[in-house]
Amino acid sequence: MDDLLQGLTEPQCEAVNHIDGPLLMLAGPGSGKTRVVTHRIANLLRQGIPAWQIVALTFTNKAADEMRMRVEALAPGQPVWMGTFHRFCARLLRRYAPMVGLSENYSILDAADSRMAIKRACEVAEVSLSHTSPDAVAAVISRAKNRLITAEMMATMPVKYNEQVAAQVYPVYHQLMMTANAVDFDDLLLHVAVLLRENGELRADLDSRYRYILVDEYQDTNLAQYAIVRALSIDYPNLSVTGDPDQSIYGWRGADINNILDFENDYPTVKTVRLEQNYRSTPNILRVADQLIRGNRRRKHKKLFTANPEGEPVILKSYRDSKAEGDDIAERIAHAILEENCHPKDFAIFVRMNSLTRTLEHALRRCNLPYQIVNGTEFYQRKEIKDLLAYLHLINNPNHDVALERVINVPPRGIGATTVQRLRQVANREQIPILDAARKAGLIESIPKRSAVKVASFVAMYDALCVKATATIEDLVLYLIEETDYREYLERTGDDDQDNDRSANVDEFVTAAVEYDRQHPEDGSLEEFLEQVALVSSTDQWEENNDRVTLMTLHASKGLEFPRVYIIGVEDDLLPHARSKDSEEQIEEERRLLFVGITRARERLQLSYCQNRSIHGQGRPVVPSPFLMELPREDMRQVDAAPESDFFDEDPYPDSWDIPNDEDDEICQLVEEERAAIRRSKPAPPIAIPQIKTASQMTGGPSSLVGQLKTGTTVAHPRHGEGTVVSISGRGPKCTATILFDDGQTKSFRVAFADLRVIR
DNA sequence: ATGCGCCAAGTTTTT
DNA sequence: CTTGGCGCAT
């Protein structure tokens, strides 16, 4: 018992010792929350509670892995279930699929696929998208689902104009998904929430099965998640939630900060523990964070304090443009590594949006710094990967229409848009999957014989693929590539330059399959592989042990910490983002976002902004973020890398920065006028164009090996052992080495990613 | 049916 | 600067 409490503070001990009944842990940043949670789990186990009665729900897989590791160290071999909400629901849904009208091999559609399904639903519903976009419709439906509003409910609700369209599409979309035996991310939660609500017996069973539920990042849960957790904590209200209202940054995704603010009302017998001591950051950094977050009205006040020694003041820097910003940061990092015995992995650079990482990449590459970009799902968004995945999805679930439409003519096999259109019409009319329609293409009179033959040969190939469905994922994928001539297709279509990349991506996909097989020698299944791929999040990709500079969005940085942090682009309209300025609530969320970023830093922190930032080529003047004016100047050092800036230097009122000087006034006015002009010129209902987010590319940094490897170099790989480089293709971060291993296998690796060592 | 090339448009955060 | 949508030519 005592060893679990060793070195813990009073409030931490209280939390660890809490066994039964609701528990609310308000945990500030860096307050040792994970430590407390893992020790508490160990304590529960020690009190004789069976591991299978405990469930820990986290925000990312990464967090779950981390927790699992630490619990394992305290209480080895205990099968406590830990994972994300979505994975938990996916698992429950596998078991109880028939109860909601699905079969157990249902597919999980990602955002892009679900958008395709929405488009089709619009067609079927004969809804005109001229005044809205699939995106907007998808957003409304998603929001509704997060708030537990089903299609039927929405039909009877009075709604706004753009919601009317969505209300019409929603039931059709839902029907399509059910026919396709598919769910989207929101459905995973919604189905389970409805299941628990409508089936009292099952609810009671599961409530008693999962007696001890722990929820991490509770401030980021939405109503659906709230309902699920609640339903499982009625008879056994041993619900413990951990969170920090000041770190709620997912409101736009339906997260409801009231879930945590009102927890004490929901569970009157709750025990509340506040973890306010910070073990992570210097007092400087903490004061800056604290001062900033005081600007928010809607919050529970916390005092943040630390016993850590004073450190360097927080640096606030302005640059002429983003290139100067990137170059300076890269050079300083390189310098610190040379002079101060730092390592690349000590550094992180945070951005408000992914596109801002571009210039940083260039700068880091120029300085030869290894880096990793965490914007993870991008790999799985690439066309070639999505194609292969779509085949796998279709094999796993023949009803998956979106997957079918994606691959029926990829590589091109003479089945054109019109033929697909006709198949789809039949499918819509008879409410059957398109594949079933394709099976009887010969009987459909609108389809010419020529086309019907091609469709038939596609179906035949599909059936051949299905025979391999139970093989290992690797075998299946290799067979698939072979059978579809996919490599040949890539070579035929891409430019020379792309070619290598795309082929290397396919290699990487195969490697992922191999890896999955390796990790699941017994229990692996296609279904589970697909589920795992669908539910990876970007932060899951971040590798702690990689000695690289980390580049990520502020959102992705939640839950992590780094000795030295740079936050770039602290500019008006970027942070707070232009699109989150409609309400004070949104501004507060942006403020929390910056708060999260600041509190990731252990020793040093730099915030920076530019005077010009070129977005799509055109440089535009920039106004520093209003948040900067809220920061305590005495804890900071202002540096102007661009001498012409006098935004801060010539401010005659250091204690009231909200009084701008003349030049700022001018800029403000300019910006204000421009904004007003844009507002005036906007047509009443803005017509948005459907925009499918695509992978620009998933880039790894040049590892120190890039450039070192040559044909003939002998290298070692942690899993495959030693081997010889047979060829090298691509350059920079895309450099790919094909290696013949001593066991006779040939594998290709992105040098920047792979864990290779040069032997000679 | 396919493939090319132009044009236009759009730009947050993500399970 | 990138991406996707669309029209035209083969």
Side-chain angles (χ1 to χ4, degrees), chain A residues 57-63 83-90 108-112 114-115 119 133 135 139 142 145-146 183-190 217 220-222 224-225 248-255 350-356 358-359 374-378 380-381 383 409-421 448 450-451 454 492-493 495 531 533-541 552-558 569 573-581 586 589-590 592-594 596-597 614-618 686-697:
Chain A
L57 298 168
T58 60
F59 199 70
T60 62
N61 297 301
K62 194 98 216 159
T84 63
F85 258 105
H86 285 83
R87 218 178 268 286
F88 179 69
C89 290
I108 301 169
L109 266 58
D110 67 18
S114 121
R115 206 155 345 166
K119 272 192 198 168
S133 66
D135 251 358
S142 170
K145 286 180 177 177
N146 286 160
V183 300
D184 61 26
F185 290 134
D186 305 316
D187 286 332
L188 284 172
L189 305 175
L190 181 61
E217 309 285 9
D220 286 319
T221 52
N222 58 36
Q225 291 165 323
S248 161
I249 53 176
Y250 284 94
W252 51 274
R253 210 172 74 187
F350 300 153
V351 295
R352 176 65 238 265
M353 45 185 193
N354 283 307
S355 59
L356 295 182
R358 276 290 142 72
T359 38
V374 181
N375 51 11
T377 54
E378 291 215 329
Y380 290 104
Q381 295 294 337
K383 182 183 174 331
N409 201 31
V410 174
R413 49 176 75 90
I415 304 171
T418 42
T419 304
V420 174
Q421 180 78 25
R450 271 179 69 90
S451 306
K454 305 223 162 106
R492 188 156 39 93
T493 52
D495 347 0
E531 176 182 311
V533 168
L535 298 180
V536 294
S537 74
S538 57
T539 25
D540 294 339
Q541 299 223 321
M552 56 168 63
T553 62
L554 287 160
H555 281 89
S557 77
K558 195 172 70 164
D573 283 351
L574 213 47
L575 185 66
H577 194 273
R579 284 177 63 168
S580 49
K581 285 184 155 183
Q586 286 180 312
E589 181 154 316
E590 297 284 307
R592 291 193 291 268
L593 193 53
L594 181 55
V596 166
S614 53
I615 295 183
H616 325 309
Q618 286 294 302
I687 299 167
I689 295 299
Q691 230 243 307
I692 293 180
K693 195 172 183 178
T694 50
S696 46
Q697 48 180 248

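A quick note: this is a predicted structure, and the numbers were derived from the prediction, not measured. The analysis underlying the following values was restricted to heavy atoms, covering all of them including side chains, and did not include hydrogens, waters or symmetry mates. Chain letters run A, B, ... following the sequence lines, proteins first and then strands; every chain starts at 1.
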Name the closest nucleotide to the [X] side chain, picking from [options].
X	options	value
A:R352	B:dT14, B:dT12, B:dA1	B:dT12
A:R579	C:dG5, B:dT12, B:dT15	B:dT12
A:F185	B:dT14, B:dT15, C:dG5	B:dT15
A:M353	B:dT12, C:dG5, B:dT14	B:dT12
A:T419	B:dT15, B:dA1, B:dT13	B:dA1
A:Y250	B:dA1, B:dT14, B:dT15	B:dT14

Over how many whole Å does the gap from [X] atom [atom1] to [N] atom [atom2] extend?
X	N	atom1	atom2	result
A:R592	B:dT13	CZ	C1'	13 Å
A:L189	B:dT14	CG	P	18 Å
A:D135	B:dT14	CG	P	15 Å
A:F350	B:dT13	CZ	C1'	14 Å
A:N222	B:dT14	CG	C1'	12 Å
A:H86	B:dT14	NE2	P	14 Å
A:R115	C:dG5	CZ	C1'	15 Å
A:F59	B:dT13	CZ	P	15 Å

For [X], all residues meeting side-chain hydrogen bond (donor to acceptor under 3.5 Å, both in side chains), sequence neighbours excluded:
X	value
A:T419	none
A:D184	A:K145, A:Y173
A:S580	A:E590
A:E531	A:R94

Within the pair [X] and [N], is there a side-chain N or O less than 4.0 Å away from OP1 or OP2?
X	N	value
A:K581	B:dT12	no
A:T553	B:dT12	no
A:N354	B:dT14	yes

- Task: Report yes if the distance between the aromatic ring centroids of A:H577 and A:W252 is under 6.0 Å, otherwise no.
- Result: no

- Pi stacking test for A:H577 and B:dT12: under 5.5 Å apart, planes under 30°: yes

- Task: Determine, answering yes or no, if A:W252 is stacked on B:dT13 under the 5.5 Å centre rule and the 30° plane rule.
- Result: yes

- Residues passing the side-chain contact (heavy atoms from CB on, under 4.5 Å) test with A:A534, sequence neighbours excluded, are A:I108

- Sequence neighbours excluded, which residues qualify as side-chain contact (heavy atoms from CB on, under 4.5 Å) partners of A:T359? A:S322

- Task: May I ask you to say what A:T418 touches in the nucleic acid, namely base, sugar-phosphate or nothing, with a heavy-atom cut-off under 4.0 Å?
- Result: sugar-phosphate

Listed pairs, N/O of protein and of nucleotides 7-10 of chain C, under 3.5 Å:
none

- Item | Any side-chain heavy-atom pair of A:N222 and A:R253 under 4.5 Å | no

- Task: Would you please name every residue forming a ring pair (Phe, Tyr, Trp, His ring centres under 6.0 Å) with A:F88, sequence neighbours left out?
- Result: A:W81, A:Y210

- Can A:Y250 and A:F59 be said to form a ring-ring contact (aromatic ring centres under 6.0 Å, His included), step by step? CA-CA 11 Å; A:Y250 284 94; A:F59 199 70; 4.9 Å; yes

- Item | Given DNA chain B, 5'-ward residue of the pair A:S580 and A:S451, judged by closest heavy atom | A:S451

What pairs of nitrogen or oxygen atoms, one from the protein and one from nucleotides 2-6 of chain B, lie under 3.5 Å apart?
residue	atom	partner	partner atom	Å
B:dT2	OP1	A:G414	N	2.5
B:dT2	OP2	A:N409	ND2	3.0

- Message: Treating A:R352 as the side-chain partner and A:L575 as the backbone partner, does any N or O pair qualify as donor plus acceptor under 3.5 Å?
- Response: no

